[in-house]
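What follows is a short report on a single structure.
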Amino acid sequence: MQTYQYPKSQALFQRAVQVIPCGIYGHFSPAPLIPATDYPFYTEKAKGARFWDVDGNEFVDYMCAYGPMVLGYNHPQVDAAAAAQVAAGNCFTGASPLMVELAECLVDMISGMDWAFFAKNGGDVTNYAVMAARDATCRKKIVMIKGGYHGVAPWMQAPGHHGLLDDDWRNIIRIDWNDAAAFERVIQEHPKDIAAFIATPYHVPAFSDSVMPAEGYWKKIETLCRENGIILISDDIRHGFRLDLKGSHHHFGFQPDLVCFCKAIANGYPISALMGTAAMKPMVSRIFYTGSYWFQSQPMAAALTTLQELKAVDGPEKMRVIGEKLGNGLVSAAARHGFDLRITGAPAMPYLRITDDESLMLHQDWCAECTKRGAYFTPHHNWFVSTAHTDEDIEKTLAIADEAFQVVRKKYNRL
Amino acid sequence: MTAELIKSNLNLYAVLQNLEDLTAWDPEMKAFTANWNISIQFSVLKGPQAYILFQGGTCKVGKGALPDPVVKLFFLSPAHLNRMMDGKGNPIPLKGFTKLPFLAKDFARLTSRLEYFLKPKDELLAKADYLAMNTRLTMNTAAFAVAELGLLDPLAKLAAAHIRNGAVLMKILPDGPAVHIIFNNGRIQPGRGEIDKPMACMFMQDLQVANAFLNGKLDAFSAIASGQVMIKGQTPMLDSMSLILDRIPHYLS
C-alpha cells in the first residue's frame with residue numbers, strides 16, 4: 001500500500017505556531033500522536049466515516065471528531081435541518097421555540113430526567129452541575145475518579161498543572177474507579193462536607209484500558225449518595241447516545257440527580273445539555289449561568305434531528321455491531337501476526353492496546369502505520385465508531401491493519 | 001521545605017554533579033584535573049551533604065558524606081551554600097586548611113569553567129565544542145533536577161506522584177549524549193547514558209535542536225509536530241516530567 005506524506009499539514013503547522021499558542025492546542029494537539037509526523041494535522045473535508053486532509057489523503061476515521069460525529073460527517077438530514085434553521089435565523093435576541101422542543105424531546109428520551117438546560121461544551125455543563133450540587137447541599141467537596149476527565153476548568157484539572165491555584169483543587173477528592181469502599185471512607189472522613197460524586201458511566205482514562213463498572217458498583221455509589229445527601233452526577237458527555245438512548249445511567253442501571261451530555265447530541269453542531277431530576281430544578285434555577293451563543297437555534301435543530309435519526313436507526317445497537325465487527329477483525333489480524341491486541345470499553349467506543357509491550361511503543365508504531373495507510377487510529381485515547389461506518393470501511397481498515405502488523409512485526413523482529 | 005533548601009539541593013545534586021562530565025569531556029579541564037587526588041566534603045547545616053572525589057583522573061560527585069575527606073567545607077544554612085554558588089559567599093573550612101590555596105585557585109578555576117558552560121551566550125553557542133558541552137551539561141542538570149524537585153518541591157511532587165514506574169530516556173541523536181531517570185515507587189534516580197527498555201523516550205534530532213529545546217528557545221509543540229523532537233512510549237511520564245522541569249526557574253536562574 002502507498003503510505004501518506006503530509007507536507008501541507010506540516011507547512012500549515014509551522015505557520016500556526018507563529019500565531020496560535022501550541023499551533024493546535026488541547027485534545028487536537030499533535031503531541032500524543034506518535035510519531036506526530038505520521039499523522040495529518042489539518043482536515044480539508046469529510047463525508048460519512050471518512051475525512052480528507054489538506055494533502056488530499058483519505059482516512060477512515062475512528063475518532064469521529066473525538067466523539068461528536070455519531071451519525072457520520074455531513075449527515076444529510078441533520079445538515080438539512082441545520083441549514084433550514086440558519087435560513088430562518090440562528091442567533092436571535094430571544095430564545096428559539098426549538099429550545100422548548102429539544103428540552104421536551106430529551107425529557108421524553110432520557111430516563112429519570114425532568115428538565116434540560118443548554119450550553120455549548122461539555123465543560124460548561126459539568127461545571128454547572130458541580131455549582132448546582134454545592135449550592136443545593138451547602139457543601140464544598142467534590143469526589144471524582146483518578147484519571148477521570150470532566151473538562152478544563154481549574155477544579156477539573158489535576159494538581160500541579162499550570163494555571164491552577166491550590167484553592168482550585170483543595171475541595172476536590174480523587175478516588176480510584178470501582179472503589180466504592182474508598183467513597184465510603186471519604187464520606188466518613190468528611191462528614192456532611194461532600195456535595196457531589198461525579199464520574200463517567202464507565203472509566204475511560206487516556207493511555208490506559210477502559211474499565212467497566214464492577215458488579216453492583218453504581219448501585220452502591222447511588223445508595224451512598226442517597227444516604228448521605230450527596231448529589232450524584234453522571235458525566236455522559238463522551239458515552240451519551242452511543243450506549244443507550246435513554247442515557248448511559250439507564251444502561252448501567254443507576255439513577256443520577258444530574259446528567260451531562262454533549263458530543264454526540266447534535267452530530268457536530270455545538271450544543272451541550274445538563275439534565276436533572278425535578279428536585280434539582282429549583283437549585284439550578286437560582287444559579288446565574290449563561291453564554292453568548294448558548295441560545296443558538298441551529299444546533300438545537302441539528303440536535304432534534306440527530307436524536308430522531310439515532311432512534312430511527314437504533315444508533316447504539318448499530319454502533320455496537322459495527323464496533324464488534326471492527327474489534328473482532330483487528331484482534332484476529334493481530335493474532336495472525338503473533339500479537340495480542342486487547343480491546344476494552346464498549347464496542348462503540350473501544351480502547352485498543354497491544355499488550356506485548358507495556359511501554360506502548362509497539363502499539364504506537366502500529367497505530368501510526370495504520371494511519372499513514374488510511375485508517376486513522378490514535379494510540380492514546382478510546383476510539384469512536386459512528387452509524388456511518390460501513391462494511392466497506394471495516395474491510396478497508398482490516399486490510400490496512402494487516403499490512404501494518406506485518407510492518408511492525410518486521411521492525412520488532414517478530415518474524 | 002523552604003525554597004532555600006530546595007535550591008541548595010539543586011545546587012549540590014543537580015548543578016555540581018556536572019563536574020563529572022566537565023572533567024571527562026572538556027579537554028582543558030580533563031588535562032587540568034588529571035593529576036588531582038583530593039576529596040572535598042560539602043556539609044550544610046539542616047541541609048544536603050555531597051562530596052567530590054578526584055582520583056586517578058576521574059571526578060565523582062556523590063550524595064552523602066565521605067568517611068575521611070581531605071577537605072571539609074561547612075555551611076551554616078542552605079542559604080549560605082546558595083550564596084556561595086551564586087559567587088556571593090564563602091564556605092567555612094573545617095578540615096584541610098593546607099588545601100585552601102588549592103580551593104581558592106585551582107578548584108575555583110574548575111567551578112568557573114562549569115559556570116562558563118552553564119551560562120551560555122549566543123556567540124559562544126556558535127562554537128561547536130561549546131554547544132556540545134552546554135547541551136550535555138544542561139541535559140544532565142535537567143535530569144538530576146527532576147529527582148530533587150520531584151521529591152521536594154510541593155507542586156513538582158504532585159506531578160511526580162502521577163508518574164508510573166519505569167525509566168525515561170532522553171537522548172540526542174544520533175549517538176548521544178543521553179540521560180535517564182528511573183521512577184520506582186516514589187523514588188527518582190537519575191543517571192547518565194542510555195538504559196534498556198525505557199518506558200518513555202524523548203529523542204532530539206541533533207545537538208542544535210537539543211540545545212534550543214533544552215534552553216527553552218524552541219517551541220516544544222512545533223518541535224514535536226515537525227519531528228525535531230520525537231517522543232514515544234508512556235508519554236504521560238514526559239508530560240509530568242515537563243511540569244517538574246518547569247519548576248527549575250523558581251530556584252535556579
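Quick note on labels: first sequence line is chain A, next is B, and so on, each numbered from 1.
- Between A:W366 and A:F377, the ring planes lie tilted relative to each other; the angle falls in the 30° to 60° range.
- No salt bridge links A:D193 with A:K140; every basic N to acidic carboxylate O contact stays at or beyond 4.0 Å.
- Taking B:I231, B:V229, B:L155 one by one and counting their heavy-atom pairs under 4.5 Å with chain A, the maximum is reached by B:I231.
- B:D153 and B:Y251 share a side-chain donor-acceptor pair at under 3.5 Å.
- The shortest distance between side-chain heavy atoms of B:M139 and B:P177 falls below 4.5 Å.
- Here B:S226 is the residue among B:G166, B:A160, B:A161, B:S226 with the most heavy-atom pairs under 4.5 Å with chain A.
- In this structure, no portion of A:P35 lies under 4.5 Å from any heavy atom of chain B.
- Below 30°, between 30° and 60°, or above 60°: for A:W155 and A:H150 the angle between ring planes is below 30°, a parallel geometry.
- A donor atom on one side chain and an acceptor atom on the other are not found under 3.5 Å apart for A:H363 and A:D357.
- Ranked by heavy-atom pairs shorter than 4.5 Å toward chain A, the options B:S240, B:P198, B:P236, B:A225 are led by B:A225.
- Contact of A:S9 with chain B is not made at all, since no heavy-atom distance falls under 4.5 Å.
- Only the side chain of B:R164 comes within contact range of chain A, with heavy atoms under 4.5 Å apart.
- For chain A, no part of B:M230 is nearby; none of its heavy atoms comes within less than 4.5 Å.
- Heavy-atom pairs under 4.5 Å with chain B were tallied for A:Y6, A:F41, A:Y25; the largest tally goes to A:F41.
- No part of A:H380 comes within reach of chain B, as not one of its non-hydrogen atoms sits under 4.5 angstrom from that chain.
- Taking chain B as the reference chain and counting heavy-atom pairs below 4.5 Å, the highest number among A:S359, A:G160, A:A36 is found for A:S359.
- The candidate with the highest count of non-hydrogen atom pairs below 4.5 Å against chain A, out of B:A159, B:C201, B:S222, is B:S222.
- With chain B as the partner, the residue from A:M361, A:H162, A:Q14, A:Q10 showing the most heavy-atom pairs under 4.5 Å is A:M361.
- Using cut-offs of 30° and 60° for the angle between ring planes, the B:Y116 and B:Y130 rings count as perpendicular.
- The closest side-chain heavy-atom distance from A:F59 to A:P40 is below 4.5 Å.
- Using a 4.5 Å cut-off between heavy atoms, B:A200 contacts chain A through its backbone alone, with no side-chain atom that close.
- Taking the centre and axis of the six-membered ring of B:Y13, the NZ or CZ atom of B:K63 falls inside the cone set by 45° and 6.0 Å.
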